[in-house]
A.B. asks: 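Below is a structure I'd like to ask you about.
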Amino acid sequence: MSPFPLLLLSLLSSLHVSLSGPVATEFIYPNFTASYFHYVDTNGVFLTSRNGFFQASMFNPMAQQSSFYLSLLHTHTATVLWSGNRNKPTSDSGFVSLTAAGLSVLDQNGTVLWSTPKLSAPVEAARLLDTGNLQLLDKSNSSLWQSFEHPTDTFVSSQLLPAGSYLSSSVNDTNLAEGDYRLSVSTSDARLAWIGQDYWRLSNDVRSIKDSSQPVLGMVVNTTGLYLLASDSTIVFAVSLTQSAFRVVKLGSDGRLTIKSYTSVNSSSPISGDFIAPSNDCDLPYICRSLGLCAISGNSSTCTCPPLFTTATNRSCLPGDGSTLASSVSCTTTDSTMSVSYLSLTNEIGYFSIKYMPATTSGPDISMCRSLCSNNCTCTGYFYDNSSMSCYLLEKNPLGTVFSSSSSSGQNAIGYVKTYVGSVPPSNPTSSSSSSHTVAIILPVIAAALLVTAILYILFVRWKKKEKKKAIGKSKPSPKNIHLGQHKSSSRDSGYTDQEEDSTDDVIIPGLPTRFTYEELEAITENFQTKIGAGGFGSVYKGELPDNSLVAVKKIEGVGVHGRKEFCTEIAVIGNIRHINLVRLRGFCAQGSKRLLVYEYMNRGSLDRPLFSHVGPVLEWGERVEIALGAARGLAYLHSGCERKIVHCDVKPENILLADGGQVKISDFGLAKLMAPEQSALFTTMRGTRGYLAPEWLTNTAISDRADVYSFGMVLLELVRGRKNRSETSADNRPTQSDFSDNSSQTQIEYFPTLALEKHEQRRYIDLADPRLQGRVTDEEVGKMVRIALSCLHEEPALRPNMASVIRMIEGSLEAWEPMVKSLNFLRMYGRGFAERPEPENGLGFSPNFNGGSWTGTSSSTANVSWSPSHLSSQQLSGPR
Ligand SMILES: *[C@@H]1O[C@H](CO)[C@@H](O)[C@H](O)[C@H]1NC(C)=O
Ligand SMILES: *[C@@H]1O[C@H](CO)[C@@H](O)[C@H](O)[C@H]1NC(C)=O
Ligand SMILES: *[C@@H]1O[C@H](CO)[C@@H](O)[C@H](O)[C@H]1NC(C)=O
Ligand SMILES: *[C@@H]1O[C@H](CO)[C@@H](O)[C@H](O)[C@H]1NC(C)=O
Ligand SMILES: *[C@@H]1O[C@H](CO)[C@@H](O)[C@H](O)[C@H]1NC(C)=O
Ligand SMILES: *[C@@H]1O[C@H](CO)[C@@H](O)[C@H](O)[C@H]1NC(C)=O
Ligand SMILES: *[C@@H]1O[C@H](CO)[C@@H](O)[C@H](O)[C@H]1NC(C)=O
Ligand SMILES: *[C@@H]1O[C@H](CO)[C@@H](O)[C@H](O)[C@H]1NC(C)=O
Ligand SMILES: *[C@@H]1O[C@H](CO)[C@@H](O)[C@H](O)[C@H]1NC(C)=O
Ligand SMILES: *[C@@H]1O[C@H](CO)[C@@H](O)[C@H](O)[C@H]1NC(C)=O
């Protein structure tokens, strides 16, 4: 062996030894450099936190050996939590450098690819904390810069994502550069957007609960859940998650926001039940690429193309007629040789951003919507909603995935995709080897296009003027409108159809649900054949829509109603309230003086049936808890989840509907505002049903959401007992169904809330449980529910918990409050009052002219009860107009 290679060998090995330094723990100090090549033995890791659960590394995602990133990793899962040079990867000999000036990443020739900004003091050390935060420290150990304040696509427990900041996804698993999706936190919400178009909002997610309306400081995750917090740590939004010590919130390269939860920071696999948003694959904006049609099948999704479209080689969908999508044409290359055409998507096809987009305009005529789109080169298509007459223009952005929506999903808008036909593809204009006869074709086309544009422009200008006039008319409701309404009902008699009436009608409100004619509803309900219920507002009938889905049609009768326009305004509000625990309004009819509401059908009927009737299976304790939770969530959403606070005013078992699959939904919300103002006195007597009415209804105190909390407390007690709170016990101790229907002295009248209060004082809760449960519930379980119920019944509204706290108490993430007996003593008086002189049943028994008198059996302070509606503005009932 010649000495030369030997020398080289020893040189190389000594080089290797000197280069692959030991992995530092917690601190590195200036004049430190590291490259993947130096640390190949540790796979690029050059620094670990003291606890070893986090690492800093020159990381090589998916081991592709070409792109290296300065990254912080979660050791046990190799999850990238942060990366410095995400947009400029380096090679295996590119390196990270820590100097007094800061941290930077350089390529092998020493060119800086990324660095921390200019710092206010020289760096003394870099420290990787046990939370996964990398800090640059000055002489006094205070932080000059930290990775937690510059998140990339991930944040973890103990990190705050401040309002105004965002996470942005990576392009894919190997390329960590910024992709197209963002999770941004604002002072009021958190949202996911794809190239500027929203596709998810925390406030719209059924898993979130809104607690307050304070401005948001930022988003955090901790052991109990995900929160948006205000500056004083008040919870604004909360999502409860299973208890776990460490969580990683990551915005994936596919646009999914995933929360992975670990029992401890050193576990390597997440506990199941991940939070994923959006929860439905087809709500992802690009899962089937451009114009692909996403459909849910089983627990996954499939991609096809909509009718009239064909699959392109890149898996996007292109017009089947060979025309060019407007979205793939740059506005600078369009010219008048191309004529605009539209391909219609069917009414079963929805688009993700319509849900979050305000309507561009609304008008009775779809052609206006189309001409707006045709006249604007940046418009790539539009959706028009027949029932609300709303027009949504899609602009500038590329077109994403469309989804298959049954009519029950609530998107009624039909989409039209803009294309250009009759011309060479504009993407390569040079290829237009113009022969003489193409010119012969093109010239007339140009002329025609110019003409069409001119006509459309004139139409547009005229329409704009009309719109302006309308806007002026709308801002000042004049007596003319009322006159119009009267005129309309008489015009119907003179042979006009309702359709014609509508087209000349001012009632154009974005977001209206489907409008039915009375005749249609007659057909749907087979002439109102099957009556399934009757409530304060009228009778309810079963019906079947043409798409075979069942509905409940409520005929509002016997009470004065607003004029059509006011009615429609309210319907638009109610119709836009979507929550899994609220019965959905699917449509309405406002024809002449007829007012009908079409609701989704709940096949198991209202809660009073299984709870109070003694036929059929007993509701098990677990089911009762689920029902309580569902109802509470629905109410919490009404109180704080929607734009305007809605107080239900009539929470009772009859208004809690059940359906197969454990569905629990609140019905009849928002109806308060359908009443004409002069009806509100009647309303107070009609609505709040006796036995569930909060004491403040009898005084001049303002009605707030806590009135619903009181009623809910009453319902909770009924869930515990399995019968009405005010019920008769006949001699054989079997409750009868109708309470207070007769006043015979043979029956003993029991007021259950008083009994519950007494048993609470004795701490003997099990006596309160429904005897039909025969011991299948523990004293502890009943006690918790009774304590929650009693706290809801506190006489002073301010001492009652809000619905969000009630939810947490039932779930167990919040200790049940200790009821304040002092604030519950009024129940004993109620009890005595009821025992002595039973009242008429609910408002249906009242005379509509009832407008004064005292409510016996209540505390004496309310002896002089006024039924004046003055203390009950319609605002308090469902928020400002
Ligand atoms: C780091 O290197 C610079 C220039 O090479 C030198 O001036 C400085 O003293 C060094 N610092 C330390 C802490 O070694
Ligand atoms: C860096 O060096 C490599 C090889 O030495 C060379 O190919 C490359 O062009 C250089 N890059 C820059 C940006 O100077
Ligand atoms: C900074 O922190 C390190 C490690 O905790 C400690 O040894 C050092 O004394 C601290 N320096 C100052 C100025 O506090
Ligand atoms: C990631 O994206 C880059 C382009 O940005 C592409 O070249 C690469 O093939 C992608 N990798 C995977 C695994 O899809
Ligand atoms: C998690 O954070 C929320 C909001 O600040 C707080 O209410 C809750 O108590 C925290 N959970 C724990 C276990 O600290
Ligand atoms: C995780 O850490 C805890 C203490 O922090 C330790 O008891 C446990 O053994 C560790 N588990 C693993 C898998 O390292
Ligand atoms: C859901 O998908 C998984 C595979 O991802 C499959 O194993 C499972 O059977 C599916 N479940 C249902 C109910 O389809
Ligand atoms: C797919 O290919 C078509 C042409 O074949 C092109 O117009 C379109 O922009 C491509 N879409 C994507 C997302 O690459
Ligand atoms: C086209 O639409 C864009 C985006 O809404 C708007 O800014 C622009 O003014 C419109 N152009 C015309 C001519 O209406
Ligand atoms: C929209 O209205 C037109 C005219 O009234 C009607 O022909 C069409 O079927 C409606 N479309 C839907 C989806 O209701």
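Since the model is a prediction, treat every value here as computed from it, not as a measurement. As the structure lists them, so they are numbered: ligands from 1, and atoms in each ligand from 1. Atom set for the values below is all heavy atoms of this structure, side chains included, hydrogens, waters and symmetry mates excluded.
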A.B. asks: Please write down residue, atom name and distance for the protein heavy atom closest to atom 5 (O) of ligand 4.
C.D. replies: Asn175 ND2, 3.0 Å
A.B. asks: When you measure from atom 4 (C) of ligand 3 to every protein heavy atom, which one gives the shortest distance, and what is it?
C.D. replies: Phe27 CZ, 3.7 Å
A.B. asks: For Trp145 and Trp82, take the angle between the two ring planes, folded into 0 to 90°, and tell me which bin it lands in: parallel under 30, tilted 30 to 60, perpendicular over 60.
C.D. replies: perpendicular
A.B. asks: Could you check whether the rings of Tyr181 and Tyr199 sit parallel, tilted or perpendicular, using 30° and 60° as the cut-offs?
C.D. replies: perpendicular
A.B. asks: In ligand 4, which numbered atoms sit nearer than 4.0 Å to a non-hydrogen atom of Asn172?
C.D. replies: 1 (C), 2 (O), 3 (C), 8 (C), 10 (C), 11 (N), 12 (C), 14 (O)
A.B. asks: I need the atoms of ligand 4 closer than 4.0 Å to a non-hydrogen atom of Val171, numbered in the order shown.
C.D. replies: 2 (O), 5 (O)
A.B. asks: Under 6.0 Å between ring centres, would you say that holds for His74 and Phe246?
C.D. replies: yes
A.B. asks: Does the protein put a heavy atom under 4.0 Å from atom 11 (N) of ligand 3?
C.D. replies: yes
A.B. asks: Check Arg256 with Asp281, please: is the shortest side-chain N to carboxylate O separation under 4.0 Å?
C.D. replies: yes
A.B. asks: Is there a disulfide bond (SG atoms under 2.5 Å apart) between Cys305 and Cys317? Walk through the geometry before answering.
C.D. replies: CA-CA 6 Å; Cys305 283; Cys317 296; 2.0 Å; yes
A.B. asks: Out of all atoms in ligand 5, which are within 4.0 Å of some heavy atom of Thr223? Include the element for each.
C.D. replies: 12 (C), 13 (C)
A.B. asks: Please report the closest heavy-atom contact between Met803 and His639, naming both atoms and the distance.
C.D. replies: CG-ND1, 3.5 Å
A.B. asks: Might you check, step by step, whether the distance between atom 2 (O) of ligand 3 and some protein heavy atom is under 4.0 Å?
C.D. replies: yes
A.B. asks: Just distances here: any N/O of Thr224 and N/O of ligand 5 closer than 3.5 Å?
C.D. replies: yes
A.B. asks: Return the closest protein heavy atom for atom 9 (O) of ligand 5 as residue, atom name and distance.
C.D. replies: Asn222 ND2, 4.8 Å
A.B. asks: Is NZ or CZ of Arg207 both nearer than 6.0 Å to the six-membered ring centre of Phe275 and within 45° of the ring axis?
C.D. replies: yes
A.B. asks: Does any N/O atom on Asn141 come nearer than 3.5 Å to any N/O atom on ligand 3?
C.D. replies: yes
A.B. asks: Under a 4.0 angstrom heavy-atom cut-off, which atoms of ligand 4 come close to Thr174?
C.D. replies: 1 (C), 11 (N)
A.B. asks: Determine, for Arg808 against Asp211, whether the closest basic-nitrogen to carboxylate-oxygen distance falls under 4.0 angstrom.
C.D. replies: yes
A.B. asks: What do we get for Leu229 next to ligand 5 when only non-hydrogen atoms under 4.0 Å count, side chain, backbone, both or neither?
C.D. replies: side chain
A.B. asks: Is it true that Lys139 lies under 4.0 Å from ligand 3, counting heavy atoms only?
C.D. replies: yes
A.B. asks: Do protein heavy atoms approach atom 7 (O) of ligand 4 to less than 4.0 Å?
C.D. replies: no
A.B. asks: Suppose we call two aromatic rings close when their centres sit under 6.0 Å apart. Are Phe59 and Tyr69 close by that rule?
C.D. replies: no
